[in-house]
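Starting from 1, each residue takes its place in the sequence as its number.
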Amino acid sequence: MSKEPFTIRVYQDQDHSGLIELWETCFPDDPPWNDPVEIIKRKRVHQPEQLYVCINNGNIIGSVLAGFDGFRGWINKLATHPDYQHQGVATLLLNTAEHALAAMGCPKINLQVRQENSSVVQLYENAGYEIEALISMGKLLPENTTPSIQEW
């Protein structure tokens, strides 16, 4: 499928619709709080240099969203368009994110895999990730209720 080499670069504004289309293709059952438009909007404010896309023949065919909070790094939204899977796109994106996080001083990277997406576990294991004996917990926060620092 790829006549040109894959290009990995930081997300740019012109990538917006292509990235949304990729995520809707790769993550069709994402819950409403993972709205692609909102994710991109938040990432453009917080470490925007950690959102990468993979381009081939002018199309966005892959992505990864990384972040570092000063304690741990995180990998999210590692996606490869189905037409380009098993061609090394995810590995290139993962390596890009890992190198960027390491350059920030990140000592360890965490990621989560949905149970129904267990087929991707092998990719991560091949990249050196291990299944850890942890319980993943989450909590949705109501919008616009974050107190200011002065209110703490």
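- Note: T7 OG1 to N56 CG = 7.5 Å, rounded to the nearest 0.5 Å.
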Pair W33, E38 - check side-chain contact (heavy atoms from CB on, under 4.5 Å), show working.
CA-CA 8 Å; W33 56 84; E38 291 302 313; over 6 Å; no
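- Under a 3.5 Å cut-off, the side chain of K43 and the backbone N or O of A66 do form a donor-acceptor pair.
- Rounding to the nearest 0.5 Å gives a distance of 5.0 Å between CD1 of I8 and OG1 of T96.
- Linking ILVMFWY residues whenever their side-chain heavy atoms come closer than 4.5 Å, directly or via other members, leaves W74 and F68 in distinct clusters.
- How far CD of Q50 is from CE of M104: 5.0 Å, rounded to the nearest 0.5 Å.
- With respect to the salt-bridge test (charged N to carboxylate O, under 4.0 angstrom), the residues D15 and R9 qualify.
- In the hydrophobic clustering of this structure, V113 groups with I131; members are Ile, Leu, Val, Met, Phe, Trp, Tyr whose side-chain heavy atoms approach within less than 4.5 Å, directly or through other members.
- Here the closest non-hydrogen pair linking Y52 and A100 is OH-CB, 3.1 Å.
- Taking each heavy atom of E98 and I109 in turn, the nearest pair found is CG-CD1, 3.7 Å.
- Scanning both residues, G62 and L93, for their nearest heavy atoms gives C-CD1, 3.6 Å.
- Cluster partners of L51, by chain and number: Y11, L19, I20, L22, W23, F27, V37, I39, I40, V53, I55, I60, L65. The rule joins Ile, Leu, Val, Met, Phe, Trp and Tyr whenever side-chain heavy atoms lie under 4.5 Å apart.
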Q47/E49 under side-chain contact (heavy atoms from CB on, under 4.5 Å): CA gap, chis, key distance, verdict:
CA-CA 5 Å; Q47 296 179 336; E49 73 282 1; 3.9 Å; yes
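- Remark: Q87 CD to H81 NE2 distance equals 11.5 Å, nearest 0.5 Å.
- Separating the CG atom in L94 from the CG atom in L123 is a distance of 6.5 Å, to the nearest 0.5 Å.
- Between P82 and C26, the shortest heavy-atom contact is CD-SG, 4.3 Å.
- Applying the salt bridge (Lys or Arg N to Asp or Glu O under 4.0 Å) test to pairs two or more places apart or on separate chains, those with a residue in residues 53-80 are D30-K77.
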I'd like to know whether V121 forms a side-chain contact (heavy atoms from CB on, under 4.5 Å) with S119, so could you lay out the CA-CA distance, the side-chain angles of the two residues, the decisive distance to 0.1 Å, and finally the verdict.
CA-CA 6 Å; V121 171; S119 63; over 6 Å; no
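- The structure places OH of Y129 at 4.5 Å from CD1 of I75, a figure rounded to the nearest 0.5 Å.
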